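For reference, the structure is listed below as structure tokens.
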Amino acid sequence: MDTHRLLPSRLISALLASVVMAPALGLPTAMAWLACLLAGEGLARLATRRFRPGVTGSPVLRAAFVLAALPINITWSGLAAMLWLSDIADLKLAALAVWVGQIVYTQNFRHQPWTLIAVSGVAPLTSLIVFPFFFYDAQGIGPQTARWGLLIVTLSTINTMIANRAAARRMDELTNGLREERERALEATRAKSTFIAVTSHELRTPMNGLLGMAHALSRSGLNETQREQVRLMIRSGDNLMQLLNDVLDLSRIEAGKVELTPAPFRLEETVRDVVDAWRDVAMVKNLDIALRFDADAPAWILGDALRIRQVLTNLISNALKFTTEGGVEVHVHCPVPEIEGRRAIVFAVRDTGPGVPPEATDRVFESFTQADDTISRRHGGVGLGLTISRALARQMGGDLTLEPSKTGACFKFSIRAPIAEPQLAANPAEDEREGAMASIRVLMAEDNEINQLVVQTMLEATGLSLTVVDHGQAALDALADGHFDCVLMDINMPVMDGITALEAIRSGAAGDPALPVIALTASTMAGDRERFLEMGFNDHLGKPVKPAALINAIARAVDPDAPRAEALHDAA
């Protein structure tokens with residue numbers, strides 16, 4: 001509130017005024033004036049004690065607030081009147097300074113009601129007219145000019161106050177309009193987030209059944225034609241999930257919740273794996289795909305290999321999609337030396353396709369946008385890959401740009417990462433792990449029968465013992481009756497949800513409170529994984545889950561020292 005915010009400046013001004021005016025008016029008069037002013041300030045504080053920011057006061061309180069300002073302004077004008085009427089003629093200039101200061105101070109209330117402005121300004125404005133015309137005996141052209149000049153100043157001040165008040169009202173209306181627009185934008189963002197969360201959850205649950213059964217069918221005794229049909233089903237499902245993951249990635253990026261997980265990895269091996277994964281696609285289209293890895297590029301770096309693969313996959317996928325003749329080249333090099341312990345690494349992806357028109361250079365990085373509608377209809381896609389890739393590149397200290405090229409398109413993806421020491425290859429001891437899996441007992445709480453069957457099918461080859469229940473309370477009962485090494489817990493279930501069941505487990509109500517519990521859920525929005533881990537889950541797997549990710553999650557939950565598998569990242 002303005003009167004509270006400006007109180008320190010008013011008190012400091014009063015103290016300075018009493019000190020400066022004491023020699024001219026006498027110390028007793030100056031102290032008496034200061035006491036009157038402090039009493040007025042106390043009265044104003046008492047009248048406004050119930051005002052709070054953002055709370056509209058009642059008419060009675062507002063009237064008390066306006067009237068409480070009157071004694072303060074009369075006290076200041078009284079000081080100026082004493083100075084004007086003093087026997088020392090030069091003090092009239094000091095009186096004018098006090099009145100002008102009051103008028104300037106009144107401008108602080110330009111956003112307040114007119115009554116407060118009038119109460120604050122009436123005493124000094126009236127004094128600027130009354131005292132020069134009726135309490136100033138000097139005659140002649142100089143005094144007359146001063147009198148009429150002060151009248152003009154007073155009228156101009158009133159006009160300025162009116163204009164300031166009008167401008168303040170327009171500013172308040174604009175501010176209120178901007179605040180309403182902001183609220184509408186926030187509401188739209190909340191609605192979008194809710195829509196994405198619900199859509200993600202509702203799509204992932206049936207897709208878990210479709211893809212899970214398709215993976216199981218692919219391992220059965222099919223002829224070659226049937227096997228190709230199943231591969232097509234899985235590929236189509238993966239494409240749908242990639243679209244959903246892109247939307248979720250975009251949501252995470254907009255929310256600023258994309259977290260990088262840097263770890264040492266071999267750069268050339270990672271890039272070569274991505275390039276090799278697209279060789280079959282290139283071969284089908286009779287295209288060449290090549291990798292050129294310069295000697296100046298480091299062998300090992302500390303970075304998020306998964307996100308680097310994601311960006312390179314988007315760029316190579318786009319290059320192959322739009323190229324019909326020639327091929328694609330991936331060039332990795334370090335054009336500048338190390339700066340502050342980090343190397344700038346550039347991944348250039350060049351193709352011999354139609355290229356990007358100059359007018360579409362900036363547009364290709366916008367969400368849901370491609371170079372033109374014809375390309376969009378001819379080649380498909382929704383235009384999220386480059387948007388997400390640029391955001392990830394910038395989060396890794398680099399950028400993603402479209403470089404001028406004589407033929408085709410050339411996208412340059414850069415990052416800045418520290419050099420890492422070579423890591424010793426870990427021995428996964430697969431045979432021992434597979435043998436150990438047979439002795440693991442897993443409890444799954446899942447109310448969807450299809451998802452139950454999917455997990456059972458995925459885990460049957462491992463030989464582990466799986467017990468399935470329909471809700472959280474049944475899971476607690478099963479834990480109380482028998483021993484289990486790990487729990488797969490759905491979140492949304494009837495009778496008792498997964499979060500309530502987890503709280504009961506952690507409280508010791510069902511046996512070992514440290515029992516590993518993995519959240520197996522369709523909730524994969526930005527921050528969901530972190531939220532579930534903070535609740536006490538040991539891990540989080542998003543549906544549809546891949547067999548390797550599920551098996552690795554169980555193995556690592558039972559044995560925390562087991563090597564981390566990248567399939568987990570993919571599933572989450």
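For the single chain, residues carry numbers from 1 onward in sequence order. Source: prediction; values computed, not measured.
- Scored by the salt bridge (charged side-chain N to carboxylate O under 4.0 Å, His left out) test, R394 finds D399 as partners (sequence neighbours excluded).
- Across all non-hydrogen atoms, the minimal contact from D470 to M493 is O-SD, 4.1 Å.
- No hydrogens or angles considered: nothing links the side chains of N538 and H540 as a donor-acceptor pair under 3.5 Å.
- Ring-plane geometry between F532 and F537 is classed as perpendicular, the angle between the planes exceeding 60 degrees on a 0 to 90 degree scale with a lower cut at 30.
- Under the 3.5 Å distance criterion, the side-chain polar atoms of R342 are matched with a main-chain donor or acceptor of R416.
- A donor-acceptor contact shorter than 3.5 Å is absent between the side chain of E269 and the backbone of R266.
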Step-by-step side-chain contact (heavy atoms from CB on, under 4.5 Å) determination, N286 to T324: CA-CA 8 Å; N286 293 320; T324 56; over 6 Å; no

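- The side chain to side chain contact (heavy atoms under 4.5 Å, CB included) test with V455 is passed by exactly one of T457, L453, L459: L459.
- Between the side chains of T175 and D172, not a single donor N or O lies within less than 3.5 Å of an accepting N or O.
- When every heavy atom of P264 is checked against every heavy atom of L302, the shortest pair comes out as N-CD1, 3.5 Å.
- The closest donor-acceptor contact from the side chain of R441 to the backbone of H483 lies under 3.5 Å.
- D351 places a side-chain N or O within donor-acceptor distance of the main-chain N or O of A409, the cut-off being under 3.5 Å.
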Audit row: I554, L488, side-chain contact (heavy atoms from CB on, under 4.5 Å) steps and yes/no: CA-CA 9 Å; I554 294 173; L488 300 175; 4.2 Å; yes

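- Of the possible donor and acceptor atoms, none in the side chain of T323 sits under 3.5 Å from a partner among the backbone N and O of L320.
- Looking only at side-chain heavy atoms (C-beta outward), T521 and L541 stay at 4.5 Å or farther from each other.
- Dense packing is recorded around CZ of R184, with more than 12 heavy atoms of other residues, nucleotides or ligands lying under 6.0 Å away.
- The shortest non-hydrogen separation linking C334 to P298 is SG-CD, 3.4 Å.
- Under the 4.5 Å side-chain criterion, counting only non-hydrogen atoms from C-beta, M444 is not in contact with T467.
- A side-chain donor from one of Q473 and D477 sits under 3.5 Å from a side-chain acceptor of the other.
- Residues C486 and I518 approach most closely at SG-CD1, 3.8 Å, considering heavy atoms.
- No more than 12 heavy atoms of other residues, nucleotides or ligands sit less than 6.0 Å from atom CD of E421.
- No more than 12 heavy atoms of other residues, nucleotides or ligands lie within 6.0 Å of CD in E449, so this atom counts as exposed by the packing criterion.
- Across M489 and A501, no two heavy atoms sit closer than the pair CE-CB, 3.8 Å.
- Counting heavy atoms from C-beta on, the side chains of L267 and F347 come closer than 4.5 Å.
- A donor and an acceptor atom, one from each side chain of E268 and T270, are nowhere located under 3.5 Å apart.
- For T352 against G327, the heavy-atom pair with the smallest separation is OG1-N, 3.0 Å.
- Judged by distance alone, with hydrogens and angles left aside, the side-chain atoms of R309 form no donor-acceptor pair with the main-chain N or O of D304 at under 3.5 Å.
- No donor-acceptor pair under 3.5 Å is formed between the side chain of K412 and the backbone N or O of V349.
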Worked check of side-chain contact (heavy atoms from CB on, under 4.5 Å) between V442 and F484: CA-CA 6 Å; V442 176; F484 292 92; 5.9 Å; no

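- Of the N and O atoms on the side chains of D447 and Q452, not one donor lies less than 3.5 Å from an acceptor on the other residue.
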